[in-house]
Amino acid sequence: MDYQFKDIEQKWQQFWADKQTFKAENHTTKPKYYVLDMFPYPSGAGLHVGHPLGYIASDIFARYKRLKGFNVLHPMGYDSFGLPAEQYAIQTGQHPSVTTEDNIATYRRQLDQIGFSFDWSREVRTSSPDYYKWTQWIFMQLFNSWYNKSADKAESIDELVKHFETSGSQGINAVSDEDILTFTADEWKALPDSRQQEELLKYRLTYLRESTVNWCPALGTVLANDEVKDGFSERGGFPVEQKKMMQWSMRITAYAERLLQGLDTIDWPEPLKEMQRNWIGKSVGASVKFPIESPLSFGEGRVESASIEVFTTRVDTIFGVTLVVLAPEHELVAALTTPEQKAGIDAYIAQTKKKSELDRMADTKTVSGAFTGSYVLNPLNGERIPVWIADYVLAGYGTGAVMAVPSGDQRDYLFAKHFNLPIIPILDSQNIDTEADPTKEGKYINSGFANGLEYKEATAAIIAKLEAVGAGKAKVNFRMRDAIFGRQRYWGEPVPVYFKDGLPYLISEADLPLLLPEIDKYLPTESGEPPLGRATGWAYHASPKESVSEEELKAPSPLERAGGEAYPYELSTMPGWAGSSWYWYRYMDAHNNNEFASKEAIEYWKDVDLYIGGSEHATGHLLYSRFWNKFLKDIGKVTEEEPFKKLINQGMIQGRSNFVYRLIDEQGRGTNTFVSHGLIKDYKTSPLHVDVNIVENEVLNLDKFKKFRSEFENAEFILENGKYICGVEVEKMSKSKFNVVNPDDIIERYGADTLRMYEMFLGPLEQSKPWNTNGIEGVFKFLRKFWRLFHNDAWELNVSNEAPTKAELKSLHKIIRKVEEDIERFSFNTSVSSFMIAVNELTELKCNKRAILQEMVIVLSPYAPHICEELWTLLGNPAGTLSYAAYPKFNPAYLVEDDFAYPISINGKTKMNLSIPLSLEAKEVEQFVLANADVQRYLDGKTPKKIIVVKGRIVNMVV
RNA sequence: GCUCAGAUGGUGGAACUGGUAGACACGCAGGACUUAAAAUCCUGUGCCCUCAACAGGCGUGCGGGUUCGAUUCCCGCUCUGAGUACCA
């Protein structure tokens, strides 16, 4: 039979599903290998041809590892909480769970068609209560933990309480809020419970605090920093503003240093590690306090001596400070402003507020600022330093205040020049005639006791002095902020917290999962509360739940509704990244009702050996996952410090749009005539997107085009060489650009094996590239050619048991080694070429030997599993055994050559090839070459000055 | 601005450690089969000079350098893509 890919693919997909061929065991003697894909959000649009790229690569790897004798865990699931389903619910009233269910069904059908070897028995969905029960459980563990800096790990909050009870706050070195109290054990014990809880909240790893958040009014929710791009929401592109709100946060900053250090231990792409390093943004420097010259009046009769604290990475330049600059939002600005300067300061603040964040970023050239009228004193020499405000200082970084050193920092330099402030050079090698010079070279001048020292000594001496006078200390600052952990939305995990006297308390573990309640519509309440505020009876009942009366349930506000023993639940839900921050553990033991995964399962699978996904998750998912993993390790629930040992970013598949060119008439109106791309310079035309699915190799299918839209029914064409050639542009793949290619269509026409191989053939996995079906015929032809090796001209199976020849064995072993090398270094595109070469060679040799073909089937099977399963059974092997066959062993003996065709070059330019026995040593090769008549002809009677012979590589003669 | 990645025929790409640049595939051209088309098969195909062959010249973004020899290493530059952005 001819190669009937449709029948073959359906047959084997059914077989794998029925027999659970790819079900992984948690107990075997085989070594484990965990291959993971970033699970998708099941969107309504379904998969396009770009989505499976990474899945195909990981599937090839997983199948290859099975052949190599590993027990492979290769699961798939869905990140099924998220905004699009909820937006759809708002528009249609359709429950997000229904939409999600439908979308998952589409995804599953599409994934199944591609022939992935996923273990579907372990599927997870983040929106399923069985799953989010454990997301909530992890939240509770975070709530019950604090970060002990001395032990450099998270510890139970009970330990902290014990310490408070015995020793008070003394000796605690924690990552916490800044306004923590100092107290003795007795003082602690005397505090009422509510005050104790309030204090503990400042230590918990997940905590509630008033913070400035990215508020997106259009989406009605707050967004994390990584969900905001240039002042607009990443999803939907709506404007985002800053707003103060009571919010759940995760103390990820506690792990900043470990998140940074861990990067050196994992095999990830360097650019991605770099992005995480930048995001964490560690800078080493010092904090310095500049005492304010005169006591400040805070109004209401409160007068205090205060100081301004700054962070600097160049504390060595402290003698060059000629002004201190505060962010306009800095808390001391009002108190520092003298009556004479008030008008100016107020005007400046008003002006700053008017500027959007975008303007403020775009406008980095103009220098602006205002003088407060107050002075601080340099802690080392007592110099009076004016205090200014300027919007180039950011409230959110460091302390929101800088010591400005115009001689060493360009922004400070411009500022000082603009406002005519002094510029003091502090190094003898500094040149500050036209711009600041940030050098560290030379010896210090104008620097008091540091004069004559060099950079390192000066820094050390100045820090020592600052510490001695209590005005500063060495400090490490991180750019990364704690992550906001709440969304004012419906379709997410409920936070397992209720409120009593305004303070949060965890519900009992026995009450997990806290199920998402039904609500009438998916919008905020009239009073602006999140959608969960609409739920009736959304309250925790400490005593038996039945104690709430119907009337209480109908009460208008949660507080009143709660009544006696019931307390209102948190109304926000968890953000999108909650469920994806630990899902790889659930796959290890997906149906466990007692734990998120059993200790045995975690100790067996440990971590993900290979993780494939897009680089867009660099500072979101991948950072949060590492954070939660480290936390779970600290509390002894998992074994590894890092969750993903090796990570590969597959490139993005871009759309490749095709255009037709509509002729414009004299009046500038569009006509119904279209000009082929090669001729448009001779006409006046306007480009128009045309569906890429009716274009092949840039040639437009005219009949299909006429049916594309009714207005084109009578279209006329100006052709070149009888064809209409379309224009091409690379853009994002999107419906509006008519450049979306659906894998279903490709599979319908060529089959899944062709799709799989073609996606790999397109180019290196990690490179972004436009989708282009121009070469797909070649891959399809290759599979047919492979099929034909097993068949005669009448398409009857025709395989011989004869012993293979030397040439046949050579072809086979070349490919055995090549595919092994390529897969290990994730170079899947080069394997596809090599398969083509091997099949071309075997076709040339008319090889139909079982000994060769059977091995070929195994080697090709990770790439094209369906056709290989079919051929494997046609060869007489039991159905389904191919997936666990042994990868053929490479034997170098078959590749040994007697001769090598040496390229003979003169002055580095290759002139000819000469076959020379490989047994000859360099000197003998030289004689052999010189004895050759053709070589002599090239030498034209001259004697080479020098002859370079690299054995088995090249001969080069210098004339 | 800074950081990172990249630039090879008409196209996608290959060349793994400095050693025959352009493998493999698409496209294109010519041919076979066919009444014809599709499908299939065969041949050619980096550019220039040449009727053609022989031979030759040029050629991996640009300009230099190291080397017997550079797509590969070094210096400088241009362009493209990604990330980041007044980070003190």
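Proteins come first, then strands; the chains are lettered A, B, ... in the order of their sequence lines, and each starts at number 1.
With C1' as the reference atom, B/rU3 and B/rC16 are 28 Å apart, rounded to whole Å. Spacing between B/rA21 and B/rU84 at atom P, rounded to whole Å, works out to 43 Å. Remark: the separation of the C1' atoms in B/rG19 and B/rC73 is 14 Å, to the nearest Å. Comparing B/rC74 with B/rU67, their P atoms are spaced 16 Å from each other, to the whole Å. B/rA23 and B/rG10 have their P atoms separated by 14 Å, with the value rounded to a whole Å. To the nearest whole angstrom, the two P atoms, one in B/rU71 and one in B/rG61, are 9 Å apart. To the nearest whole angstrom, the two C1' atoms, one in B/rU45 and one in B/rG9, are 10 Å apart. Comparing B/rG13 with B/rU78, their C1' atoms sit 24 Å apart, to the nearest whole Å.
In this structure, CG of A/L762 is placed 10 Å from C1' of B/rG13, rounded to the nearest angstrom. Separating the CD1 atom of A/I947 from the P atom of B/rC68 is a distance of 15 Å, rounded to the nearest angstrom. Spacing between atom NZ of A/K282 and atom P of B/rA88 amounts to 14 Å, rounded to whole angstrom units. Going from atom CZ of A/R277 over to atom P of B/rU84 covers 16 Å, rounded to whole Å. B/rA82 atom P lies 16 Å from atom CG of A/L272, rounded to whole Å. The separation between A/K846 atom NZ and B/rC41 atom C1' is 12 Å, rounded to whole Å. Rounded to an integer number of Å, the gap from A/M760 CE to B/rA25 P is 19 Å. The distance between atom OH of A/Y863 and atom C1' of B/rC24, rounded to the nearest whole Å, is 14 Å.
A close approach under 4.0 Å does not occur between any side-chain nitrogen or oxygen of A/N649 and OP1 or OP2 of B/rA82. Phosphate contact (OP1/OP2 of B/rC86, side-chain N/O of A/Q410, threshold under 4.0 Å): absent. A sub-4.0 Å separation between OP1 or OP2 of B/rU11 and a side-chain N or O of A/R656 is absent. Considering only side-chain N and O atoms, A/R411 lies under 4.0 angstrom from the phosphate OP1 or OP2 of B/rC87. Under 4.0 angstrom from either OP1 or OP2 of B/rG19 there lies no side-chain N or O belonging to A/K951.
Among the nucleotides B/rU11, B/rC24, B/rA88, the one closest to any side-chain atom of A/N772 is B/rU11. Nearest to the side-chain atoms of A/N840 among the listed nucleotides B/rC87, B/rA25, B/rG19 stands B/rA25. Residue A/K781 has its side chain nearest to B/rC41 when only B/rG19, B/rC86, B/rC41 are considered. Distances from the side chain of A/R953 to the nucleotides B/rU40, B/rC86, B/rG19 place B/rG19 closest. The side chain of A/F761 lies closest to B/rC24, out of B/rG19, B/rC24, B/rC4. The nucleotide whose nearest atom lies closest to any side-chain atom of A/R784 is, among B/rC16, B/rU40, B/rA88, B/rU40. Residue A/P271 places its side chain closer to B/rC4 than to any other of B/rA88, B/rU84, B/rC4. Listed nucleotides: B/rU40, B/rA85, B/rC24. Nearest to the side chain of A/R479: B/rA85. Distance from the side chain of A/S833 is smallest for B/rC24 among the nucleotides B/rU3, B/rC24, B/rC87. Taking only side-chain atoms of A/Q767, from C-beta outward, the nucleotide of B/rC16, B/rG13, B/rG69 with the closest atom is B/rG13.
A 3.5 Å limit on both hydrogen-bonding distances identifies no Watson-Crick or G-U partner for B/rA23. Pairing partner, B/rA53: none, since no Watson-Crick or wobble contact has both distances short of 3.5 Å. B/rU80 and B/rA5 make up a base pair, with Watson-Crick or G-U wobble contacts both under 3.5 Å. Base pairing analysis places B/rA15 opposite nothing; no Watson-Crick or G-U wobble pair with both distances below 3.5 Å involves it. Base-pair partner of B/rC28: B/rG44 (Watson-Crick or G-U wobble, both distances under 3.5 Å). A 3.5 Å limit on both hydrogen-bonding distances identifies no Watson-Crick or G-U partner for B/rC87. Across the strands present, B/rA70 finds no partner; the criterion is a Watson-Crick or G-U wobble pair with both atom distances under 3.5 angstrom.
Residue contacts shown for A/V950 include a base, since a base heavy atom lies under 4.0 Å away. Using a 4.0 Å heavy-atom distance criterion, A/P764 is classed as a sugar-phosphate-only contact. Using a 4.0 Å heavy-atom cutoff across all strands shown, A/I837 reaches sugar-phosphate atoms only and no base atom. In this structure, A/K273 reaches neither bases nor backbone, as no heavy-atom distance under 4.0 Å exists between it and the strands shown.
No salt bridge links A/R817 with A/E820; every basic N to acidic carboxylate O contact stays at or beyond 4.0 Å. Ion pairing between A/E841 and A/K810 fails under the 4.0 Å rule for side-chain N and carboxylate O.
In terms of heavy-atom proximity, A/I385 sits nearest to A/V324 at CG2-N, 3.6 Å.
Residue order along RNA chain B, read from the 5' end via each residue's closest nucleotide, puts A/N829 first among A/M957 and A/N829. Looking at which nucleotide of RNA chain B each of A/E844 and A/K769 is closest to, the 5′-most match is held by A/K769.
Scanning atom types as modelled, no donor and acceptor separated by under 3.5 angstrom connect the side chain of A/N774 and the base of B/rC26.
A tilted orientation is assigned to the rings of A/F419 and A/W388, their planes being inclined by 30° to 60°. Between A/F782 and A/F786, the ring planes lie parallel to each other; the angle is under 30°, not in the 30° to 60° tilted range.
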- Message: Quick one, A/T830 with A/S827, criterion side chain to side chain donor-acceptor pair (under 3.5 Å). Give me CA distance, side-chain angles, the key distance, then yes/no.
- Response: CA-CA 6 Å; A/T830 48; A/S827 173; 2.6 Å; yes
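With a glycosidic angle no further than 90° from 0, B/rG9 counts as syn.
For an aromatic pair to be called close, the ring centres must be under 6.0 Å apart, and A/W787 with A/F5 fails this.
Residue A/R277 places its CZ atom among more than 12 non-hydrogen atoms of other residues, nucleotides or ligands, all under 6.0 Å distant.
Judged by distance alone, the side chain of A/N378 and the main-chain N or O of A/I318 form a donor-acceptor pair under 3.5 Å.
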